[in-house]
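Everything below concerns the one structure shown next.
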There are 2 protein chains.
Amino acid sequence: MSRALLSSCGTMSRMPPGTRARARAETTRAILDEARRQLAEQGAAALSLRSVAREVGMVSSAVYRYVASRDELLTRLIVEAYDAVGERAEAARDPDAPPRAQWRAVWRAVRSWGLEHPAEYALIYGSPVPGYAAPAETIPAAGRVGLLLAAIVAEHGVAPTDEGGSDGILRDGLLPGVDRPLVLPAIAAWTQLFGTVGFELFGQYENVVVDRAAFLDAVADAAASSVGLPSR
Amino acid sequence: MSRALLSSCGTMSRMPPGTRARARAETTRAILDEARRQLAEQGAAALSLRSVAREVGMVSSAVYRYVASRDELLTRLIVEAYDAVGERAEAARDPDAPPRAQWRAVWRAVRSWGLEHPAEYALIYGSPVPGYAAPAETIPAAGRVGLLLAAIVAEHGVAPTDEGGSDGILRDGLLPGVDRPLVLPAIAAWTQLFGTVGFELFGQYENVVVDRAAFLDAVADAAASSVGLPSR
DNA sequence: CAGCGGTGAGAGCACTGCTCTCGGCAGTAG
DNA sequence: CTACTGCCGAGAGCAGTGCTCTCACCGCTG
């Protein structure tokens with residue numbers, strides 16, 4: 001229905017020198033938005049560059065001026081999705097709240113974002129769609145939620161005294177502010193968060209977990225204990 | 001290269017009355033095998049019914065006598081994959097070994113199966129590929145590893161006395177043999193297992209976890225404690 | 001004013017999933 | 001032994017895909 005989203009596409013009116021670049025940015029934005037819309041509606045597998053072009057009001061070959069390939073389009077969507085979860089999680093954390101409340105808020109934020117954007121969630125935390133190439137430019141964006149969890153642990157985590165011996169398992173210098181014995185549990189908790197949300201979204205809890213929100217809270221609480229967040 | 005895998009396809013020699021059905025079963029097997037081969041080589045997205053047909057030595061339309069659609073083909077592969085992990089995990093467990101050894105063996109078996117069959121792992125534990133329909137016939141096969149873990153917990157798990165209050169979160173009667181307070185930790189551990197293996201396979205541990213095998217062992221051990229397996 | 005470069009359109013190639021029709025052969029009924 | 005029924009593979013065909021190439025247009029720049 002929404003044909004010709006770009007009304008002034010070849011007829012860009014005169015404007016300050018940036019006109020050219022602005023038009024380009026707008027077209028790129030329109031393409032990405034439409035792509036994200038289709039991704040959300042029918043999933044990554046059904047995302048077609050041609051139909052994006054149709055909906056945006058140009059012919060398929062024209063979008064190749066803006067996106068190198070379908071895979072590149074997906075990669076851009078991946079980065080945007082990582083940023084979106086990250087942003088949502090960061091916004092949910094209130095640094096003045098008690099540690100466990102912060103922790104739970106982040107877990108809940110990730111879950112609710114996933115429920116709202118299942119296809120995008122699948123895109124970033126499900127199986128890598130384009131071949132096997134894990135696109136390198138996604139790595140920085142991918143870490144945001146992990147770093148957020150780490151920040152909470154760094155600030156409030158209390159390590160038990162009888163730990164040790166996990167040297168050489170993780171990268172040196174990972175999570176600098178976190179107590180040495182808590183680093184591995186923190187990574188495990190980060191994994192647990194996305195594992196749990198993923199299992200819910202991908203249907204593994206069908207006929208298993210009834211109250212998924214409460215389940216996530218319970219798992220979050222156990223994870224909070226494992227990273228030494230004070231109970232009360 | 002391997003054209004005409006079915007040498008005696010239209011020329012099936014006379015045999016006991018089951019001939020017809022046998023030929024059909026063989027052709028079906030050949031199709032599924034070739035499909036699994038291609039899935040392993042290039043991933044689910046690249047699996048093409050036409051190229052399966054080509055390699056198996058028939059024309060594409062003929063394959064539709066055996067599989068209703070590409071999605072049905074994938075569904076069958078999904079069930080086979082679930083069974084394969086399940087079988088591997090069950091084989092790895094030695095019921096006479098100490099509880100934690102059994103536990104660790106299962107975790108390791110799932111991981112090594114995943115490393116050997118990343119595309120199949122992604123197919124079943126990654127994002128659901130065909131549209132959104134979670135095929136119902138996969139549900140029984142999907143539970144095998146979970147039930148295996150539950151069996152270990154049922155036999156050796158010792159519940160702490162100060163637990164309770166997780167009623168209504170999980171399905172009633174889930175994991176009948178397991179102590180009530182251990183059911184939720186068991187589900188969480190099951191999630192953690194596949195979350196961890198998935199994160200490794202899907203590249204999330206890039207630049208994070210160095211020694212992945214040791215990491216899995218550590219996580220498995222923590223999970224073992226959470227479900228009350230004795231330390232020694 | 002001339003030309004360069006970015007842009008969109010269109011045709012085209014090779015491929016996909018899926019459908020339909022047709023001819024042949026197998027197993028069975030008479 | 002003959003004739004029929006039903007399964008099966010081949011082939012053509014439709015609609016759609018990703019991607020490439022060429023061509024014409026026109027604004028911006030020299």
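What you see is a predicted model; the values in this text were computed from it and never measured. A, B, ... follow the sequence lines: proteins, then strands. Residue 1 opens every chain.
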Worksheet item: What's the closest nucleotide to the A/Arg24 side chain, out of C/dG10, C/dT7, D/dG11?
Response: C/dT7

Practice prompt. Could you check how far CD of B/Glu72 sits from P of C/dC18, rounded to whole Å?
Written response: 10 Å

Worksheet entry | OP1 or OP2 of D/dG9 under 4.0 Å from side-chain N/O of B/Tyr66 | yes

Practice prompt. Give the rounded distance in Å between these two atoms: CD of B/Gln42 and C1' of C/dT16.
Written response: 14 Å

Discussion item. Output the rounded distance in Å from CG (A/Asp71) to P (D/dG18).
Written reply: 10 Å

Worksheet item: Please give, in whole Å, the distance from D/dC8 P to B/Glu26 CD?
Response: 13 Å

Discussion item. Can you identify which nucleotide, out of D/dC21, D/dG18, C/dT7, has its nearest atom closest to the A/Ser61 side chain?
Written reply: D/dC21

Worksheet item: To the nearest 0.5 Å, how far apart are CD in B/Gln102 and CG in B/Leu148?
Response: 8.5 Å

Worksheet item: Using 30° and 60° as the class limits, which term best fits the ring planes of B/Tyr121 and B/Trp113: parallel, tilted or perpendicular?
Response: tilted

Worksheet item: Nearest of C/dG17, C/dA9, D/dC19 to any side-chain atom of A/Arg65?
Response: C/dA9

Worksheet item: Taking all atoms of both residues into account, what is the closest heavy-atom pair of B/Pro185 and B/Ser226, and its distance?
Response: CB-O, 3.5 Å

Fill in: Closest to side chain of B/Met58, choosing from C/dA9, D/dA10, D/dC19
D/dA10

Worksheet item: The side chain of A/Leu49 lies closest to which of these nucleotides: D/dG18, C/dC18, C/dT7?
Response: D/dG18

Worksheet item: Taking OP1 and OP2 of C/dC15, is either one under 4.0 Å from a side-chain nitrogen or oxygen of B/Arg54?
Response: no

Discussion item. Rounded to whole Å, how long is the line connecting atom CD of B/Glu55 with atom C1' of C/dC15?
Written reply: 16 Å

Practice prompt. Let me know the distance between CZ of B/Arg22 and C1' of D/dC8, rounded to the nearest Å.
Written response: 18 Å

Worksheet item: Which nucleotide in the list C/dG17, D/dG11, C/dG12 gets nearest to the side chain of A/Arg50?
Response: C/dG12

Worksheet item: Counting any heavy atom closer than 4.0 Å, what does B/Leu47 reach on the DNA or RNA strands: base, sugar-phosphate only, or nothing?
Response: sugar-phosphate

Worksheet item: When the ring planes of A/Phe199 and B/Trp190 are compared, do they come out parallel, tilted or perpendicular, using 30° and 60° as the limits?
Response: perpendicular

Fill in: Sub-4.5 Å side-chain heavy-atom contact between A/Leu149 and A/Trp103
yes

Item to complete: Assign each of B/Ser60 and A/Ser48 to its nearest nucleotide of DNA chain D by heavy atoms, then name whichever residue's nucleotide is nearer the 5' end.
Response: B/Ser60

